[in-house]
Amino acid sequence: MAITIITQVNEPRFSPAGNPLVYVVDSDNKTEPNFRYVANVSINGNLVAKLKTVPSATNSNYGRFNFQEIVRGYFEVTPEMINPGFSSPESFGCPTQYIEFDVEFDEEYTGSTPAPTDAETAIVINGAFSTFDFIQFKDTPFKMKYWLDQDAFDTRLPLTNRPQSTKAYASNIYNQSGNLYWLCDKNLEGNIDSIRYRYYDSTNTLIREYFIFTINGQSHASSEQNEFNMIAVPFMPFDVRNILDTITSDSQGGNADFVGSSYYTVTAFKDILGTQQASIEYNVLLTDECSRFDFSEIHFENQLGGVDSYVFTKPNRERQSIQRTEASRPYLTDSFGDGGVYGNYTNFSKYNAQVDYSKEFTVSSDWLTDEEFEWLAQMVRSPRLWLRKAFETADGVLEYLVPILVTDTQYNVWKRDFDQLHTLTMTYKFTFDEAMPL
């Protein structure tokens, strides 16, 4: 047997599951009777599928496999709302947002015996490049904006397309939540080992600088390899203020000196000493603007496989959609006294056998920049969104991220050059129908 791989996924270490995961293979036995190419697919070490295909009559009798539909069901995205201080090393890891994908190629024909090739391995993330970006995916400078091996290491990006300078809400009663996500190799070398935070006042004077050490840094301190291919780090005010003093370089919690800050910066480093910058610097501009409307904080899986958050500050309008199922029965009564067999004034024939209703909410944003309009298009398109919502429980008032669905089918991208300032209006609903008495 001689199976040869002609084409494989563009990047063996990290491949986006939202784009085609195509392998093309060839064999010197493809002219044998009843020939089939065979692919044994494993996810995280477990065999999940065996695929077979005949040689392509229009493509040199090659075998072509696309594993996209197989892997897409193995992802979970569970953003954390209550994760105070990232108190344990595992708090940084995101083990459900990537999978280890292995495929062994084999062949079968009359008289053959199984002899699979060595497994081809790729790490697949739950992201998707746009069509034109995916065409450039093989180009090293493009993919290395997010991947590890690159000469200009300090320009690496986390898994987000949000603007480098972003606004966040922070006050005594409300703090916006959200994290940043980075890809990492499972090796003994430095990846994203530490994160630097700098707090500034309104005069751009540095108030405080400190580092937190990620699970990578703690692993390398023990001469161990990285445990996760994706990590999350505190980014928005809620998560930054809840950083515990046990993981900061100055032994103070994230809330120290936070009040009085005008903005802060977040930068990733390749080492725990903070000497090898590993990413661009993100600026988080703090605002405590008072609103007579309740804030609607939406978290959404972005196009690259991370999770972003955005706060709608304008009115939240509610609309209820009601669906009724009618039934009928004869207009009769069980009594055969006066009045015959027909019912009386209080009987009814037609009735609602079932009533379902769902709630839709329309939220509006503040004025958006061109960059924000481009970025938030991913929110409207995203298959996974959550609403931050508080509930009264036996343990007091707790906040959760409740799944929602966007119902909008169109998104207009406005440009200030010729459209002037605009806001974004979005309609969503919960993922369940409300209950009604029978």
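None of the values given here were measured: they were computed from a predicted structure.
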### Task
Determine the minimum heavy-atom distance between S279 and T267, stating which atoms define it.
O-CG2, 3.8 Å

### Task
Please determine if R388 forms a cation-pi arrangement with F238, meaning its NZ or CZ atom is less than 6.0 Å from the six-membered ring centre and no more than 45° off the ring axis.
yes

### Task
Kindly compute the distance separating CZ (R319) from CD (E360), expressed to the nearest 0.5 Å.
4.5 Å

### Query
Is a side-chain N or O of T393 found less than 3.5 angstrom from the main chain of V397, in a donor-acceptor match?
no

### Query
So do the side chains of K359 and F361 get within less than 4.5 Å of each other, counting heavy atoms only?
yes

### Query
When rounded to the nearest 0.5 angstrom, what distance separates OH in Y264 from CG in D257?
14.5 Å

### Query
Is any side-chain heavy atom of V77 closer than 4.5 Å to a side-chain heavy atom of T96?
no

### Message
Keeping T205 on the side-chain end and D201 on the backbone end, is there a donor-acceptor pair under 3.5 Å?
### Response
no

### Task
Test the R208-Y210 pair against the cation-pi criterion, namely NZ or CZ under 6.0 angstrom from the six-membered ring centroid and within 45° of the ring axis.
yes

### Task
For Q97 and G305, indicate whether the former's side chain and the latter's backbone hold a donor-acceptor pair under 3.5 Å.
yes

### Query
Just by modelled atom types, is the Y174 backbone N or O under 3.5 Å from a matching donor or acceptor in the S171 side chain?
yes

### Message
Tell me if the aromatic rings of Y23 and F65 count as close, with their centers under 6.0 Å from one another.
### Response
no

### Task
Find the distance between CH2 (W386) and CD (E297) and round it off to the nearest 0.5 Å.
13.0 Å

### Query
How about Y74 and F101: are their ring centroids closer than 6.0 Å?
no

### Query
Do Q303 side-chain atoms and A128 backbone N/O form a donor-acceptor pair below 3.5 Å?
yes

### Summary
Shortest non-hydrogen pair, L21 vs P16, comes out as CD2-O, 3.8 Å

### Message
Are the side chains of Y310 and S365 in contact, using a 4.5 Å heavy-atom criterion?
### Response
yes

### Query
Under the 3.5 angstrom rule, does the side chain of N19 hit a backbone N or O of F129 as a donor-acceptor pair?
yes

### Intermediate values then yes/no, salt bridge (charged side-chain N to carboxylate O under 4.0 Å, His left out), D106 and K50
CA-CA 10 Å; D106 199 354; K50 180 186 287 288; over 6 Å; no

### Min side-chain heavy-atom separation F300-V307 under 4.5 Å
no

### Query
Is the distance between the ring centroids of F258 and Y199 under 6.0 Å?
yes

### Query
Is any side-chain heavy atom of V284 less than 4.5 Å from a side-chain heavy atom of F235?
yes

### I3 side chain reached by E107 side chain, heavy atoms, under 4.5 Å
yes

### Side-chain heavy-atom pair V266, I195 within 4.5 angstrom cut-off
yes

### Donor-acceptor contact below 3.5 Å, side chain D408 vs main chain T427
yes

#### Entry: Ring centroid separation F269 to F211 under 6.0 Å
yes

### Message
Between N191 and D185 (side chain of the first, backbone of the second, donor and acceptor by atom type, cut-off under 3.5 Å), is there such a pair?
### Response
yes

